[in-house]
Structures are given as C-alpha cells and as structure tokens.
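In what follows, a single structure is set out as structure tokens and then discussed.
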Protein chains: 2
Amino acid sequence: MRDAKRILEEKDISPSLQRVIILKYLQEHPNHPTVEDVYHDLIDDIPTLSKTTIYNTLKLFTQKGIVYQLAVPGNEAHYDYSEGYHAHLLCEECGGIFDIESDISLNIENDLEGHLILGIEVIYRGICRNCRKE
Amino acid sequence: MRDAKRILEEKDISPSLQRVIILKYLQEHPNHPTVEDVYHDLIDDIPTLSKTTIYNTLKLFTQKGIVYQLAVPGNEAHYDYSEGYHAHLLCEECGGIFDIESDISLNIENDLEGHLILGIEVIYRGICRNCRKE
DNA sequence: TTGACTTTTATAATGATTACAAAAATGTAG
DNA sequence: CTACATTTTTGTAATCATTATAAAAGTCAA
Ligand SMILES: [Mn+2]
Ligand SMILES: [Mn+2]
Ligand SMILES: [Zn+2]
Ligand SMILES: [Zn+2]
C-alpha cells in the first residue's frame with residue numbers, strides 16, 4: 001500500500017493529520033464507504049473530527065483524482081480509493097456495491113464522437129452472489 | 001415513436017392523464033431532463049400538476065424499467081427514455097450529459113464472478129465537444 | 001348514487017450536502 | 001520567542017433534492 005502522506009504531497013495537498021487519516025481509512029476500507037461510515041469509524045480515534053471536514057476532504061480528494069466518487073441514485077455518495085481500474089456491481093436486492101474485474105478501460109479511445117474522454121465508469125446492475133443464494 | 005399509452009398498458013400501469021403526458025415528454029426530450037425540467041415545461045399545460053406526481057411517476061417508470069435513472073454525484077437525478085442502449089458522456093466543464101453510441105452491452109455476460117447481471121451502465125467522463133472548442 | 005379503490009395534490013418532514021464564520025493550527029518574518 | 005498572515009478544521013445554520021403523509025379529486029362498477 002502506498003504511503004498516504006506521499007500521495008498527498010505528490011498532489012500538492014498539505015498532509016494534515018485529518019487528511020492523512022481519512023486517506024489511510026479509504027486505503028484500508030475498499031468497501032466503498034460513505035461519509036457517514038468514515039465519520040462513524042474515525043470519531044473514536046479523533047474525537048474532535050467534524051463531518052464537514054470529511055465532506056471537504058473527500059471533495060478535495062475527488063477533484064485531485066485521488067479517490068473516485070460513486071453515485072447511487074437517491075442515496076449517499078460512496079468513495080473508492082484504488083490503485084487499479086475496476087467496474088462495480090450494484091445489487092438491487094441488498095444495495096451492496098461489489099468490485100468487478102474489468103478490462104473495458106483498456107480499450108478507451110481518448111476521442112469519442114468529438115468529445116475528449118478522460119475516464120470511464122462501468123456499473124453493472126443485478127443481484128449479488130450473496131443475495132442470489134436465497 | 002411508440003404510443004405512450006400503449007407502453008404504460010403493457011407494463012400494467014393505468015394510463016392516467018399525468019402519466020401519459022410525462023412519458024410523452026420524456027420521449028420527446030431525450031436530453032436527460034430532471035424532475036425540475038419536467039415540471040417547468042409541463043406546468044403551463046397542466047396548471048394543477050404537482051412535483052410530487054412527477055417524483056412518484058418517474059419512480060414508478062424507473063421500477064417498471066420504462067425509463068432509466070441516471071445519477072450524477074451531488075446533483076439531481078436525470079431521466080432517460082430510450083429504445084436503444086447507449087452510453088453517456090458527462091462533461092466536467094458544463095455538466096452536460098451526452099449520448100454515446102456503444103456496443104458494450106452486446107457482450108454482457110449474465111454471470112460475472114457469481115453475480116447475476118441484469119444491466120450495465122457506462123459513463124464516460126471528459127470534456128464535451130462544445131466545451132472543447134474554447 | 002353509493003362506496004371502494006386509485007391517483008393526484010399540497011404540505012411537512014427528512015436526509016445529504018454546502019455555506020459560513022469563528023476557532024485552531026501552521027508557517028514565517030522580525 | 002512573538003506577531004501576524006495563511007491554511008485548516010470545526011460547529012452551526014442554510015440549502016436542496018427527495019420522501020412521507022394525509023386530504024382531495026378522480027375512476028369505476030354495483
Ligand atoms: Mn471499487
Ligand atoms: Mn441518454
Ligand atoms: Zn445483494
Ligand atoms: Zn461541456
């Protein structure tokens with residue numbers, strides 16, 4: 001796992017205590033946590049931590065391309081730090097978000113119908129393997 | 001363009017005045033309108049129209065698979081009625097949503113890593129051809 | 001016409017996110 | 001070290017989209 005502090009410095013973000021801890025949390029929790037999840041799990045370590053800081057920090061990380069913000073209709077945003085590209089499966093039964101290996105990003109054109117393409121997000125909808133057993 | 005009333009009947013939705021008008025609006029406006037857009041454009045035709053009805057109707061349509069709800073982080077939901085599958089480009093400059101021809105859906109497996117796959121959504125992020133000129 | 005049922009409507013409530021301004025932390029010149 | 005400017009964090013209030021609720025209106029068949 002890459003050093004959180006270094007990642008921030010490379011993106012010209014001063015590595016404050018809160019920012020480093022939030023980034024480390026995302027590195028250690030690839031399960032697409034929400035702002036609420038981050039807050040709930042970190043408030044014991046930093047009792048002064050504010051939800052506003054988490055919102056601000058995750059917005060900053062998203063803008064700098066450090067994390068990916070995953071939108072789910074009508075729900076909170078989920079955040080994803082990951083080194084490698086992957087797609088996601090959104091379970092219609094339990095609402096869970098699962099990583100899916102994918103090679104789609106490999107064949108990205110950087111120009112599609114005149115638009116400049118910077119990235120791609122693939123979301124599958126379906127029933128996850130857990131819910132499927134029932 | 002398929003008859004809106006018939007589409008609703010096929011999905012066991014009683015074709016009330018409001019539902020038919022909202023579906024027709026979506027058919028005639030493939031530019032991914034929001035609830036606000038629908039309300040703004042239809043309130044003159046039906047002065048009694050309520051925003052709640054639009055929310056309820058679009059949720060119903062989404063559940064029945066008539067329209068597709070497109071989530072954009074931190075913003076309103078956009079709705080898409082369309083016969084054929086296509087991907088979308090989300091412009092980081094102007095926020096616009098553009099249709100992109102895509103054949104990705106053709107090679108969908110119905111089983112990926114144990115999950116049951118029902119659909120796929122592909123979102124490109126980038127700069128649209130309009131913003132690119134500047 | 002009555003009454004059951006569906007649909008729409010207006011209003012209030014909720015929940016996520018952002019705006020704002022004060023407090024705390026950090027860095028730097030003297 | 002101290003004084004001051006700048007950045008970062010924090011708590012609170014405001015905003016915005018969406019949902020809950022219950023009354024009103026519409027539909028339909030006995
Ligand atoms: Mn992921
Ligand atoms: Mn579209
Ligand atoms: Zn599931
Ligand atoms: Zn654009």
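Basis for what follows: all heavy atoms, side chains included, without hydrogens, waters or symmetry-related copies. Chain A is the first sequence line, chain B the second, and so forth, proteins listed ahead of strands; every chain is numbered from 1. Quick caveat: nothing in here was measured; it's all calculated off a predicted structure.
Look at A:Thr52 and you won't find any side-chain N or O under 4.0 angstrom from OP1 or OP2 of C:dT17. For the pair B:Tyr55 and D:dT18, the criterion of a side-chain N or O lying under 4.0 Å from OP1 or OP2 is met.
Two residues, A:Glu36 and B:Pro47, neighbour DNA chain C, and the one matched to the more 5' nucleotide by heavy-atom proximity is B:Pro47. Between A:Val35 and A:Asn56, the one whose closest nucleotide on DNA chain C sits nearer the 5' end is A:Val35.
Contacts of A:Thr48 with the nucleic acid, taken as non-hydrogen atoms under 4.0 Å apart, involve only primed sugar atoms and P, OP1 or OP2. Counting non-hydrogen atoms under 4.0 angstrom, B:Ser16 reaches the backbone sugars and phosphates but no base.
Rounded to a whole Å, the CD1 atom of B:Ile46 is 10 Å from the P atom of C:dT8. In this structure, B:Lys59 atom NZ and D:dA17 atom P are separated by 16 Å, rounded to whole Å. The CZ-P distance, from A:Arg19 to C:dA25, rounds to 15 Å in whole Å. In this structure, B:Leu49 places its CG atom 9 Å from P of C:dA10, rounding to the nearest Å. Here D:dT19 presents its P atom at 13 Å from CG of B:Leu60, a figure rounded to the nearest Å.
Listed nucleotides D:dT10, C:dT6, D:dT7 differ in distance to A:Ser14; the shortest reach to its side chain belongs to D:dT7. Each of D:dT7, C:dT8, D:dA17 was ranked by its minimum atom distance to the side chain of B:Glu76; first place goes to D:dA17. Of the candidate nucleotides C:dT8, D:dT8, D:dT9, D:dT9 has the atom nearest to the side chain of A:Gln18.
Between A:Arg2 and A:Glu83 there is no salt bridge, since none of the side-chain N atoms of the basic residue sits less than 4.0 Å from a carboxylate O of the acidic one. Taking 4.0 Å as the cut-off between side-chain N and carboxylate O, A:Glu93 and A:Arg132 do not count as a salt-bridged pair. Using a 4.0 Å cut-off between a side-chain N of Lys or Arg and a carboxylate O of Asp or Glu, A:Glu121 and B:Arg125 do not qualify as a salt bridge.
For the pair B:Leu8 and B:Arg19, the minimum side-chain heavy-atom distance is below 4.5 Å.
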